[in-house]
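Naming: A, B, ... by sequence-line order, numbering from 1 per chain. In this text, all values refer to a predicted model and were calculated from it rather than measured experimentally.
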There are 2 protein chains.
Amino acid sequence: MTDSAKPTRKRDGRLREDLIDAGVALLRDRGADGMSLRECAAIAGVSHASPGYHFGNLKGLKTAIAARAFRLFGDFMLEFLAKADSAPKSQILAISEGYLAFAESHKELFLFMFSGQELDQTDPDLSAMSERAYQILRDTCAPFVKPDSDPETVEILVWSLVHGYAQLMITGKISKASPGGKVPAYKFLLDHLDLCPRG
Amino acid sequence: MTDSAKPTRKRDGRLREDLIDAGVALLRDRGADGMSLRECAAIAGVSHASPGYHFGNLKGLKTAIAARAFRLFGDFMLEFLAKADSAPKSQILAISEGYLAFAESHKELFLFMFSGQELDQTDPDLSAMSERAYQILRDTCAPFVKPDSDPETVEILVWSLVHGYAQLMITGKISKASPGGKVPAYKFLLDHLDLCPRG
DNA sequence: TCCATAACTTGACACCGTCAAGATACGAAA
DNA sequence: TTTCGTATCTTGACGGTGTCAAGTTATGGA
């Protein structure tokens, strides 16, 4: 027997991923308001009520899309981390570069994730992927946390700066990029944070 | 004759404000997805197509709501500025307190403004009100801009920190408030910014 | 008095999310 | 091999939504 209640019919569970793919594509092409269960169904080539079966409701599909987005988001940061040297400051810069690269190359997803959409915050996939992303930040900030200090302070400092920069960047409010592009501009900002690794 | 094409009929232009009021109320009570042209019309006591006449389409109403929100947002910052002493650092803290007070007391509006909603960015009201809000930040940051430096650097630093903090605060991601509440916690963060007023 | 027009209504249309009910196909059981 | 249970998907319906066209009403000016 199969070892669990895994889907066994028709598309063998492939449809769920296809529907998320369709949702991501619609999000990219038409924005959050242009995505609908029925349009996703049409793109995936199934009937209009099929997404409802798999995701319960629109909120369910949006939650699945957000989970996928957070996974990709974490992947970006890990990828840049792996390419950087191990000095704490370099690592901070690396996750920031990953953060900004994701925001720029997946603008719609980035806005969607942080736009206060109605999502099912109890969904295990979504919470696992967003926890994972936050843990990457937490780990990278750890060397800067002073022994008897709250880790949250450093985390909020770094997160706020990079997130704010990303938001201003993708909404076009950062007009004049520094010579050398946006990452050098961000690095310049980062130098204004009072951060020093302990020990 | 009247001096322009000002509204002269029936509700004498009061309806437009009533519809925005209704939209703000719906936004507060049911979130962005719970607001509709038809529901606003019902609350204001007019027919379902009346909002379309005044705002063109849903995007138009959302734009008008965002403009109102930015005005209120600026008012908050100005109010806190007026109560603070004139030392540059105190002024920075004051607009930050206004920023955080607005985010906390008008959470739905705050999320709406910065959620990448489809808004008509060419709308004169919206751009005037968001420009005004940004100008308050700009003016307050001015004393910290070094003579041959880009003002944007300080502005992005301050804005990112307070905006990131606000976002984390209202989405419940800042768990343990410092003793004394959230503003002292923010002030503690602010001290980690490498800011010093020029001569 | 008449008229142009702003302000609003009515009615229609396509699209949407959601639900109930039916169809289908496959693994397991006999 | 036949039967059966169930996961998967379809069909059809419902009320709600944005938007448009056309009609109505009221008012200030000619």
Side-chain angles (χ1 to χ4, degrees), chain A residues 1-23 25-27 29-66 112 117-120 123, chain B residues 1-23 25-27 29-66 112 117-120 123:
Chain A
M1 60 185 146
T2 57
D3 64 353
S4 75
K6 79 172 64 164
T8 53
R9 302 311 157 82
K10 301 216 166 158
R11 301 237 222 143
D12 282 12
R14 202 31 243 185
L15 177 55
R16 200 173 195 279
E17 294 303 310
D18 285 354
L19 289 169
I20 298 175
D21 288 345
L26 282 175
L27 210 54
D29 297 343
R30 304 194 209 166
D33 290 348
M35 183 196 54
S36 70
L37 289 175
R38 292 173 102 108
E39 190 80 20
C40 288
I43 293 176
V46 290
S47 75
H48 69 262
S50 187
Y53 173 76
H54 286 281
F55 299 101
N57 50 28
L58 180 59
K59 187 175 178 178
L61 175 58
K62 285 184 173 177
T63 299
I65 292 173
F112 178 78
Q117 288 279 336
E118 301 263 327
L119 302 178
D120 179 11
D123 180 76
Chain B
M1 60 187 143
T2 57
D3 63 355
S4 74
K6 79 172 64 163
T8 53
R9 304 310 159 82
K10 298 208 169 165
R11 301 239 224 141
D12 281 11
R14 191 49 233 182
L15 178 54
R16 200 173 195 278
E17 293 302 309
D18 286 353
L19 289 168
I20 298 176
D21 288 344
L26 282 173
L27 210 55
D29 297 342
R30 306 194 208 167
D33 290 349
M35 183 198 54
S36 69
L37 289 176
R38 291 172 101 109
E39 191 83 15
C40 288
I43 292 175
V46 290
S47 75
H48 69 262
S50 187
Y53 173 77
H54 286 281
F55 300 102
N57 50 27
L58 181 59
K59 187 175 178 177
L61 176 57
K62 286 183 173 178
T63 299
I65 292 173
F112 178 78
Q117 287 279 339
E118 302 262 329
L119 301 178
D120 179 11
D123 179 76

Legend entry - Interatomic distance where CG belongs to Asp33(B) and P belongs to dT18(C) [whole Å]: 10 Å
Legend entry - Nearest-Å distance for atom pair NZ/P, residues Lys59(A) and dC19(C): 13 Å
Legend entry - Interatomic distance, Arg16(A) CZ vs dT8(D) C1' [rounded to whole Å]: 14 Å
Legend entry - Out of dG17(C), dG18(D), dT10(D), whichever nucleotide has its closest atom nearest the side chain of Arg38(B): dG18(D)
Legend entry - Separation of dC16(C) C1' from Leu61(A) CG (nearest whole Å): 14 Å
Legend entry - Which atom of Leu61(B) lies closest to which atom of Leu37(B), heavy atoms considered: CD2-CD2, 3.6 Å
Inset, instruction - Rounded off to whole Å, could you give me the CZ-to-C1' distance for the Arg14(A) and dT8(D) pair? - result: 17 Å
Legend entry - Nearest to side-chain heavy atoms of Ala49(A), which nucleotide of dC16(C), dG12(D), dG18(D): dG12(D)
Legend entry - Contact under 4.0 Å: Tyr53(B) side-chain N or O vs dC8(C) OP1/OP2: no
Inset, instruction - State, to 0.1 Å, how close Ile65(B) and Leu27(B) come at their nearest heavy-atom pair, and which atoms those are. - result: CG2-CD2, 4.0 Å
Inset, instruction - Select one nucleotide: of dT10(D), dT19(D), dG17(C), the one nearest the side-chain heavy atoms of Leu37(B). - result: dT19(D)
Inset, instruction - Please examine the side chains of Arg16(A) and Phe55(A), heavy atoms only from C-beta on, and report whether any two atoms are closer than 4.5 Å. - result: yes
Inset, instruction - Provide, to the nearest angstrom, the distance between the CD atom belonging to Glu39(A) and the C1' atom belonging to dG17(C). - result: 14 Å
Inset, instruction - Tell me which nucleotide among dG12(D), dA7(C), dT10(D) gets nearest to the side chain of His48(A). - result: dG12(D)
Legend entry - Nearest non-hydrogen partners of Asp120(B) and Lys59(B), listed with the distance: N-CE, 3.8 Å
Legend entry - Whole angstrom value for the distance that separates P of dG17(C) from CD of Glu118(A): 15 Å
Inset, instruction - Would you tell me if any nitrogen or oxygen in the side chain of Ser47(A) comes within less than 4.0 Å of OP1 or OP2 on dC9(D)? - result: no
Inset, instruction - Would you kindly compare His54(B) and Leu58(A) by the position of their nearest DNA chain C nucleotide and give the one closer to the 5′ end? - result: His54(B)
Legend entry - Distance-minimising heavy-atom pair for Cys40(B) and Leu19(B): O-CD2, 3.7 Å
